[in-house]
Structure formats: C-alpha cells, structure tokens
Enquirer: 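After the structure tokens below, expect a handful of questions from me.
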Amino acid sequence: MKLPFAEPYRIKMVETIKKSTKEDRIKWITEAKFNLFKLKSEQVFIDLLTDSGTGAMSDKQWSEIMLGDESYAGASSYYKMKDAIQDITGFEHFLPTHQGRAAENVLFSVLIKQGDIVPGNSHFDTTKGHIEYRKAHAVDCTIDEAFETTNPHPFKGNIDLNKLEKVLSENPKEKIPAVIVTVTCNTSGGQPVSLENIKAVKKMADSYGIPVLFDSARFAENAYFIKLREKAYADKSIREIVSEMFAHADMMTMSSKKDAIVNMGGFIGFRDEELFRRCSVFNIVFEGYITYGGMSGRDMNALAQGLYEGTEFDYLESRIKQVEYLGQKLNENGIPIQLPIGGHAIFIDALQFLPHVPREQFVAQTLGIELYVESGIRGVEIGTLLADRDPITRENRYPKLELLRLAIPRRVYTQNHIDYTAAALIQLFQKREAYKTGYSIKYEAPIMRHFTVELEKI
Ligand SMILES: *Cc1c(COP(=O)(O)O)cnc(C)c1O
C-alpha cells in the first residue's frame with residue numbers, strides 16, 4: 001500500500017481561533033454590510049478569504065527575522081534577498097516593494113501609457129486595476145477551455161496563441177508594452193501554464209519585439225504542476241523547472257505573500273539594466289530607497305529564506321494535496337467545483353450551486369454570505385462584484401464564471417479544519433433549493449469596489 005501524504009513539518013506554536021453561534025454571525029455580517037472583507041477576523045472561525053500573506057513562517061524564517069539588517073542603504077538583508085532571487089529566478093536586477101501591486105505600480109509607471117494594450121491570461125484584479133488606471137486596456141487571451149468549469153484540461157492557465165497573435169498583429173508594436181503571463185493564473189482558478197505554452201508565447205512575443213512579463217505570485221505551484229503534468233519535466237526538480245520558466249521572461253513582478261511564504265513583501269525582477277534604472281526612480285518615489293523599497297531588513301531576510309522553502313517539492317506536494325483533498329470531498333458530494341483542482345484554492349461554481357438566485361443579485365457573494373452564516377468559514381467572491389463595471393459604459397461586467405473561492409493559507413490549517421469546511425459546504429448544498437434571492441448594492445467605490453462595497457439583502 002502507498003502511504004498517504006503527510007505534512008513535512010510539525011507545529012511548534014499555536015494560535016487560538018474561536019467558534020461562534022449562527023445568531024452572532026447574522027449580527028456580524030449585517031453590521032459588515034454583507035461584505036466579507038468588512039468582518040473582523042475574530043468573527044471568523046476558518047479564514048479562507050485569501051492565501052495572500054496568511055501563511056505560517058517557519059522556525060528558520062523567524063530566525064532570519066532576528067538577523068535582519070535595518071540599515072537604510074546597502075543592508076546585508078538586501079543582498080541576501082538579491083542572492084536568493086538570482087539563485088532561484090535567474091533575474092540579475094531587482095527592486096524590493098512592499099507587495100505585489102506595488103511592484104506593478106512601479107513597473108507600469110515606466111512601461112504603460114494611455115491607450116496601450118496589454119494582452120495576457122486573465123489578468124489579476126490589481127494588475128488590471130493598474131492597467132486601467134493608466135487608461136490602457138487589458139486583453140484576456142486565455143484559452144477557451146479555462147471557462148468550462150469541468151473541462152479537465154491540465155493547463156487551463158495557458159494563453160491561446162491565436163488570440164495573442166491577433167492582438168499582436170492588429171496593433172502597432174508601440175502600443176503593446178508587454179505580454180503578461182500569470183503563473184499560476186489566479187483569476188481563472190489557480191490554473192497552471194505549461195512550459196510548452198510559456199515557450200511558445202515567448203517565441204511569438206519575440207517575433208513582434210514585445211517583452212514578456214511574468215506575474216509570478218504562484219510560480220512555484222506552477223512548477224509543481226508542470227512536474228506532475230508535463231511529461232518532459234517529470235524528472236526535473238522544482239528549482240530546475242522554475243529556472244526554465246523564468247528563462248522565458250524578460251521581467252517579473254512578485255507578490256511574495258504567496259509562494260515566498262511571508263506576510264508582506266514583493267519585488268520586480270529585470271534583465272534590462274536600463275529599465276531597472278528607470279523603475280528605480282519610481283521605486284524611490286513610491287516605495288523607498290532601492291535597497292529596501294517598502295520592506296524592513298528582517299522581512300527581506302524572511303523572504304529570501306521563504307523563496308527556498310517555497311520551492312521544495314515536499315512542501316509543495318503537501319500544500320497542493322491539501323487543497324486537492326478538499327476539492328475531492330466536495331466533488332464526491334456533487335458540489336460543482338472548477339476542475340481540475342487548482343493550486344491554492346477551490347472554486348465553487350455558484351451559478352450551479354444556487355441556481356435560483358438571479359445573476360444581477362451577486363450569486364457568488366450570496367453563497368459566500370450563506371456559508372459564513374452557517375459555519376463561520378470565510379471565502380471570497382470571484383464574480384460580478386470583482387469584475388466591476390466597464391470603465392467606459394459603467395455597466396456591470398458579468399464574467400463568464402461566478403465563483404466562490406476558498407483559498408487555503410500555507411502551512412496553517414489541519415486536515416480537521418478541511419473536513420469541517422467540506423461538511424459545512426455539503427450541508428449548505430443539501431438545502432440549496434431554499435435560497436432564492438441575493439443582494440443589491442447600496443454603496444460602491446469607482447474602482448476595485450469589492451473591497452469596500454456595501455450590500456443590502458433583497
Ligand atoms: C496577489 C497577486 C497580485 C498582487 O499582489 P499583492 O501582494 O496582493 O499586492 C498580483 N498578481 C497575482 C497573480 C496575485 O495573485
């Protein structure tokens with residue numbers, strides 16, 4: 001018999017979390033204007049809002065915290081981070097930033113101008129936000145299979161080369177600052193991009209003289225999927241695959257809150273020294289001097305250590321298998337989820353889960369609220385609220401999918417927490433016919449409304 005997977009770590013410190021009653025939760029979510037972001041964390045029992053910055057650091061990372069060099073310029077922590085980035089990604093130049101979107105802000109300040117067109121695979125919301133804020137356009141070139149929730153395609157993050165070629169050939173080169181490849185593709189469900197696709201995208205972009213940018217938050221999880229699903233790479237180590245992936249990128253932005261397993265931090269990686277110099281000016285204006293850019297020395301140390309831990313096979317296996325375990329339990333019980341199961345989260349198809357709730361009443365948000373009320377579990381809507389309004393027509397943009405995401409923090413929850421989560425969803429699914437109405441908007445911000453939106457029960 002093959003032994004089951006088990007976590008390659010044990011627990012040295014615990015943090016208490018509290019259960020609550022359904023009455024408590026109804027009161028709290030009403031006070032939070034039915035916005036899950038507005039709940040206090042102590043009102044949540046199992047927090048699956050995001051896997052961003054919510055991971056547990058290791059004893060080695062905590063030791064690195066003590067070794068942090070807090071010098072303003074030229075800190076040893078900066079060099080530790082530089083060495084780790086170069087070692088793992090191969091990028092020679094880098095700028096630290098306080099998180100991923102700050103990396104986008106600095107890089108795009110140089111790269112993107114009004115009227116530009118930025119093709120990619122389902123751009124992440126902050127990426128799209130930074131593009132649209134500059135009055136440029138993000139064009140989604142993800143393969144069509146990504147939008148069929150049960151299509152078992154192994155690389156649903158892939159870019160459709162025909163769609164990309166159309167954008168590249170129909171627009172002047174000056175209007176396309178980069179092709180963005182998001183690994184893994186967060187918006188389409190934590191789905192990986194194959195190395196075959198990465199290579200083909202790079203080749204096509206090269207032929208048009210356009211650089212390739214990796215939005216790299218979950219690059220290690222992407223490498224794990226390549227190892228498992230792409231034959232040619234079965235015998236390569238995660239680090240070898242990571243190196244090969246990044247060899248096909250001209251620049252990278254990183255949210256270190258994901259695969260570098262730290263609570264805060266990010267960076268930009270460059271090959272082109274001139275671009276690095278131009279971005280340094282914006283880094284100094286927005287983030288901080290180029291050897292700390294919004295991070296303390298101790299955090300740069302922990303990040304460097306996290307890059308090594310996050311690219312170890314045993315760690316990645318236990319992380320991704322935990323997500324898969326939850327997905328399998330839901331799937332076995334008939335709950336409609338996106339397949340194959342992605343790297344960091346389970347995505348529940350809310351339109352199928354709550355078929356009677358009208359589309360204009362925010363179906364995935366409704367499911368998220370009901371799950372919280374029933375169980376104290378917090379997920380997040382990846383649907384119409386997130387998709388926001390069209391910047392020109394101001395109409396609601398209805399995405400192809402209406403999803404409730406349950407993101408699993410790294411090294412944080414036990415298998416019992418996962419079992420509790422599955423049981424809560426199965427119970428809710430059994431009484432799904434009872435849910436007929438959703439919510440309407442009382443207040444929304446002009447961009448990225450989902451963070452602060454206020455809702456009313458219909
Ligand atoms: C999280 C994320 C970002 C933004 O990073 P932050 O650290 O949250 O600012 C950008 N792109 C992708 C793919 C992400 O997952």
Side-chain angles (χ1 to χ4, degrees), residues 51 119-125 127-128 138-165 167 179-202 204 212 214-234 241 245 248-249 258-259 316 319-321 323-328 330-331 335-353 364 380-383 386-387 399-408:
D51 64 324
N121 53 344
S122 299
H123 309 63
F124 183 64
D125 58 346
T127 317
K128 198 170 183 166
V139 182
D140 189 354
C141 297
T142 314
I143 56 170
D144 290 333
E145 288 90 332
F147 305 102
E148 299 159 9
T149 50
T150 54
N151 186 319
H153 193 292
F155 291 103
K156 283 171 130 178
N158 280 359
I159 287 183
D160 183 321
L161 297 169
N162 293 324
K163 290 184 192 172
L164 180 63
E165 175 113 60
V167 176
V179 176
I180 301 184
V181 184
T182 309
V183 290
T184 58
C185 190
N186 190 345
T187 307
S188 77
Q191 300 290 336
V193 181
S194 70
L195 247 167
E196 187 188 8
N197 190 250
I198 287 172
K199 285 182 188 168
V201 167
K202 174 67 172 150
M204 186 181 289
V212 172
F214 277 14
D215 181 357
S216 321
R218 299 184 184 77
F219 72 93
E221 293 174 9
N222 199 88
Y224 175 86
F225 283 120
I226 287 173
K227 183 172 170 66
L228 259 69
R229 297 179 185 171
E230 208 169 341
K231 267 211 177 72
Y233 299 92
I241 296 170
M245 282 165 56
H248 301 283
K258 322 291 175 36
D259 277 2
L316 282 166
R319 155 143 187 80
I320 289 171
K321 289 221 161 147
V323 177
E324 199 178 281
Y325 173 85
L326 174 60
Q328 272 166 4
L330 301 182
N331 197 26
I335 295 177
I337 60 166
Q338 186 164 39
L339 294 172
I341 294 157
H344 65 288
I346 299 299
F347 293 76
I348 300 168
D349 184 340
L351 294 176
Q352 284 188 60
F353 197 116
V380 73
E381 188 242 31
I382 308 279
L386 178 70
K400 294 193 179 102
L401 301 175
E402 193 75 43
L403 303 165
L404 177 69
R405 184 185 78 180
L406 304 175
I408 313 295

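The chain is numbered in sequence order, starting from 1.
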Enquirer: Check whether any side-chain heavy atom of H248 lies under 4.5 Å from a side-chain heavy atom of V181, and answer yes or no.
Expert: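 Contact flag for H248/V181 side chains = no.
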Enquirer: Quick check: does any side chain N or O of E230 sit under 3.5 Å from a backbone N or O of L195, one acting as donor and the other as acceptor?
Expert: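 Between the backbone of L195 and the side chain of E230 there is a qualifying donor-acceptor contact (under 3.5 Å).
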Enquirer: Any side-chain heavy atom of D144 sitting closer than 4.5 Å to one from K163?
Expert: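 When only atoms from C-beta onward are counted, K163 and D144 do touch, with a gap below 4.5 Å.
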Enquirer: Could you give the distance from NE2 (H123) to CG (D215), rounded to the nearest 0.5 Å?
Expert: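 These two atoms lie 9.0 Å from each other.
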Enquirer: For G157 and C185, which heavy atoms make the closest approach, and how far apart are they?
Expert: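 Closest heavy-atom pair between G157 and C185: CA-CB, 3.9 Å.
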Enquirer: Quick one: does any side-chain atom of N197 pair with a main-chain N or O of N158 as donor and acceptor, under 3.5 Å?
Expert: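 Such a contact is absent between N197 side chain and N158 backbone.
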Enquirer: Does the pair R319/D51 count as a salt bridge with the N-to-O cut at 4.0 Å?
Expert: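 Yes, R319 and D51 are salt-bridged.
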Enquirer: Just checking, K258 and F124: is the charged tip under 6.0 Å from the six-membered ring centre and within 45° of the axis?
Expert: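 Yes; both conditions hold, so K258 lies above the ring face of F124.
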Enquirer: Can you check whether T127 reaches T182 side chain to side chain, under 4.5 Å on heavy atoms?
Expert: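 A side-chain contact is absent here, since even the closest heavy-atom pair is not under 4.5 Å.
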Enquirer: First locate atom OG of S216, then atom CE of M245, and finally report the distance between them rounded to the nearest 0.5 Å.
Expert: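 Those atoms lie 7.5 Å apart.
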Enquirer: A side-chain contact here means heavy atoms from C-beta on lying under 4.5 Å apart; do F147 and D140 qualify?
Expert: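 In short, these two side chains touch, coming nearer than 4.5 Å.
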Enquirer: To the closest 0.5 Å, what do you measure between CD1 (I335) and CD1 (I348)?
Expert: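 Between atom CD1 of I335 and atom CD1 of I348 there are 6.5 Å.
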Enquirer: Just by distance, no angles: are the side chains of T184 and N222 close enough, under 3.5 Å, to form a donor-acceptor pair?
Expert: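 No, no side-chain donor-acceptor contact under 3.5 Å.
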Enquirer: Does the side chain of F155 reach to within under 4.5 Å of the side chain of I226, using non-hydrogen atoms?
Expert: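 Heavy-atom side-chain distance check passes, below 4.5 Å.
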Enquirer: For a 4.5 angstrom cut-off between non-hydrogen side-chain atoms, does L316 reach K227?
Expert: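 No, side chains not in contact.
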Enquirer: Please find the pair of heavy atoms, one from K128 and one from A138, that lie closest to each other, and give the distance.
Expert: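 The pair with the smallest heavy-atom distance is CG-CB, 4.1 Å.
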Enquirer: Do the side chains of S122 and Q191 get nearer than 4.5 Å, heavy atoms only?
Expert: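 No; the side chains remain at least 4.5 Å from each other.
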Enquirer: What are the two closest heavy atoms between A350 and A364, and how far apart are they?
Expert: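 Nearest heavy atoms, A350 then A364: CB-CA, 3.5 Å.
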Enquirer: Kindly compute the distance separating CG (L339) from CG (N331), expressed to the nearest 0.5 Å.
Expert: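 With rounding to 0.5 Å, CG (L339) is 5.0 Å from CG (N331).
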Enquirer: Just by distance, do the side chain of D349 and the backbone of P336 share a donor-acceptor pair under 3.5 Å?
Expert: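 No, because the side chain of D349 does not come within donor-acceptor range (under 3.5 Å) of the backbone of P336.
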Enquirer: Can you tell me how far apart CD1 (I143) and NE2 (H153) are? Round to the nearest 0.5 Å.
Expert: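 So the gap between those two atoms works out to 3.5 Å.
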Enquirer: Which atoms form the tightest heavy-atom contact between V183 and F214, and what is the distance?
Expert: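 Taking V183 first and F214 second, the nearest heavy atoms are CG2-CD2, 4.4 Å.
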Enquirer: Would you sort out whether T149 and F347 count as a side chain to side chain contact (heavy atoms under 4.5 Å, CB included), showing the intermediate values?
Expert: CA-CA 9 Å; T149 50; F347 293 76; over 6 Å; no
Enquirer: Tell me the closest heavy-atom pair linking M204 and L161, and the distance in Å.
Expert: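 Answer, listing the atom of M204 first, then L161: CE-O, 3.5 Å.
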Enquirer: Within the distance-only criterion (no hydrogens, no angle test), does the side chain of K156 pair as donor or acceptor with the backbone N or O of E148 below 3.5 angstrom?
Expert: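 Side chain of K156 to backbone of E148, a donor-acceptor pair under 3.5 Å: yes, one is there.
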Enquirer: Taking side-chain contact (heavy atoms from CB on, under 4.5 Å) as the criterion, tell me which of V179, V193, T142 meets it with I159.
Expert: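 The option that passes is V179.
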Enquirer: With a 4.5 Å cut-off on side-chain heavy atoms, are R405 and Q338 touching?
Expert: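 No, too far: nothing below the 4.5 Å cut-off.
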Enquirer: Find the distance between CD1 (I346) and CG (L404) and round it off to the nearest 0.5 Å.
Expert: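 Those atoms lie 11.0 Å apart.
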Enquirer: Testing the basics here: between G343 and E221, what is the closest heavy-atom pair and its distance to 0.1 Å?
Expert: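 Closest pair (atom of G343, atom of E221, distance): C-OE1, 3.6 Å.
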